[in-house]
Amino acid sequence: MPKDLPRTAALAATALFLLYPLWGLASPVGRWRWAAAGAGPALATSFALTGVALVIVVAVGTPLAFFLRGAARGVRIAFEAAVLLSVLMPPLALGLLLALAFGPGTAVGELLLRLGVPASNDPAAFVVTQVYASLGYYLLGAAAAFEAVPRTLEQSAALLGLRPRAVLWRVTLPLARLGLAAAVSLAWVRALGEFGAIMVTAYYPHGIPVQLWVDLQDSGLPAVLPLLLVFLLSALPLPWALRILARSRGYA
Amino acid sequence: MLDCRIHKVRHAYDVAVEIVAGAERLALFGPSGSGKSTVLSCLAGLETPDDGHIHYDGQTWFPPPLALHQRSIGYLSQHEALFPHLSVAENVQFSLDAAARSDERSWINEIRERLELGALWHTRPDHLSGGQARRVALARTLCRRPRLVLLDEPFAGLDRPLVRELAAILKDWQERLRFTLLAVDHDPLVLEGLCPRVIALEQGRVVQRGDWAELARAPATPTLRELLDMRP
């Protein structure tokens with residue numbers, strides 16, 4: 001028996017288990033119909049606004065995750081508790097709380113109204129909800145990635161004359177890149193697939209998850225499955241490419 | 001010229017050591033836990049002394065503590081700490097920017113040839129043996145021509161012929177480049193072959209200074225005698 005067979009078999013079995021729900025795409029639900037009117041705009045909305053949300057999440061989350069490593073123990077524990085709380089929140093509950101917290105009954109809501117920024121059913125609400133839904137996941141992943149970088153290597157770089165910023169660019173980030181890629185992938189998937197919270201805060205403009213729900217209600221499964229397939233095929237390349245790029249030099 | 005007085009509070013006992021050294025090779029010798037590595041860590045900036053001063057060529061390194069990257073130190077320990085995402089060539093030239101790499105081409109070539117790194121030049125650290133990794137770490141340490149080289153048991157675990165070879169290379173380069181070299185090792189033979197002058201430490205205090213012959217003739221403490229008697 002080849003030495004690697006048990007491991008390969010275990011990985012293959014797990015992959016098959018994870019992919020099994022896709023078998024549902026082959027179900028005899030009738031002739032698939034492309035709901036062109038809603039599908040195109042929903043795809044554009046989801047990808048464009050998730051892209052904006054992801055940029056915000058990475059831009060805010062990366063320095064925070066890096067600074068968390070050097071924070072005092074008490075600060076770190078309190079911050080991680082806050083992050084975990086946001087991650088543990090059920091999506092529907094997150095949507096309801098966001099709607100209340102940014103609604104007209106609060107000071108923030110009033111300020112947004114005065115500034116002319118709608119707190120619901122608006123691209124801004126869509127992006128903010130995605131940021132809330134994904135930032136915690138990104139922070140946890142990025143913090144773990146930075147934590148895994150050996151301090152001795154950063155000290156070596158400093159002793160070799162590198163300033164702290166150069167150490168970050170030439171040692172810390174390259175060594176953390178696989179973990180950071182995983183965190184970006186997780187944030188992307190989490191934001192793009194968000195349904196429960198978006199349903200409450202940004203039903204309009206329809207993103208893909210809401211459009212799938214609408215199509216299911218209005219036209220049934222034959223209208224849902226083609227959009228779902230396009231969604232999966234178009235959402236996968238980014239996290240996949242990130243993983244491959246991060247692994248390209250063979251170091252985790 | 002290194003001029004330091006380091007006082008560091010420890011659990012068991014304090015470390016209090018004064019060292020003045022020019023462009024020479026100086027050994028810190030003593031039993032385990034005598035404070036040798038603490039002194040090197042304080043000089044490198046990895047630890048901060050509780051009191052004292054560290055000056056090098058008129059520049060103050062402590063107090064206040066000078067940042068690690070401003071000290072021009074070569075620090076080599078038994079943990080090579082090679083950058084795993086970079087090749088041997090990139091590790092060795094890590095401290096040099098593009099212009100410096102061009103200016104220092106002949107020096108880099110000399111390091112590569114003398115430490116026999118040519119065949120390994122494009123290899124990743126995870127494919128190196130322990131001895132090869134130690135050569136790369138030594139090359140990386142010396143590539144930027146540091147003013148002060150600190151060796152914290154850098155030859156631990158290597159076989160005698162390789163240790164003798166690396167020590168000979170270090171001696172040669174120290175005499176040419178005129179840097180200050182401070183070496184710590186548990187093995188007196190390694191230190192004796194590398195450093196003519198020695199400072200003996202016990203429980204955080206200097207118990208004797210001199211050359212190896214003086215130490216062997218009249219060791220200041222029974223522990224020192226015992227350590228020196230372990231030599232063949």
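Hydrogens, waters and symmetry mates are skipped; everything else that's a heavy atom, side chains included, is used. From a predicted model like this one, the values you see are computed outputs, not experimental measurements. In what follows, chains are A, B, ... by sequence order, proteins preceding strands, each numbered from 1.
Identified by a heavy-atom distance below 4.5 Å to chain B, contributing residues of residues 47-54 of chain A are lacking entirely. Annotation: residues 37-71 of chain B contacts chain A through B:Ala44, B:Leu46, B:Leu68, B:His69 [non-hydrogen atoms, separation under 4.5 Å]. Residues of residues 104-122 of chain B never come within less than 4.5 angstrom of chain A, heavy atom to heavy atom.
Atom-to-atom distance recorded for B:Thr141:OG1 and A:Leu160:CG is 6.5 Å, nearest 0.5 angstrom. Here the CG-NE2 distance, from A:Leu178 to B:His85, works out to 13.5 Å after rounding to the nearest 0.5 Å. Between atom OG of residue B:Ser77 and atom CG of residue A:Leu159 there is a gap of 10.0 Å, rounded to the nearest 0.5 Å.
For the pair B:Glu80 and A:Ser156, the minimum side-chain heavy-atom distance is 4.5 Å or more. B:Pro84 has its side chain within reach of A:Leu153: a pair of non-hydrogen atoms, C-beta onward, lies under 4.5 Å apart.
Using a 4.5 Å cut-off between heavy atoms, B:Leu96 does not touch chain A at all. Both the backbone and the side chain of B:Phe94 come within contact range of chain A, each with at least one heavy atom under 4.5 Å from a heavy atom of that chain. Both the backbone and the side chain of A:Ala157 come within contact range of chain B, judged by heavy atoms closer than 4.5 Å.
A:Arg163 CZ: 12 or fewer foreign heavy atoms inside a 6.0 Å radius. Within a 6.0 Å radius of CZ in B:Phe155, more than 12 heavy atoms belonging to other residues, nucleotides or ligands are found.
Annotation: side chain to side chain contact (heavy atoms under 4.5 Å, CB included) contacts of A:Pro226 (sequence neighbours excluded): A:Trp32, A:Trp34.
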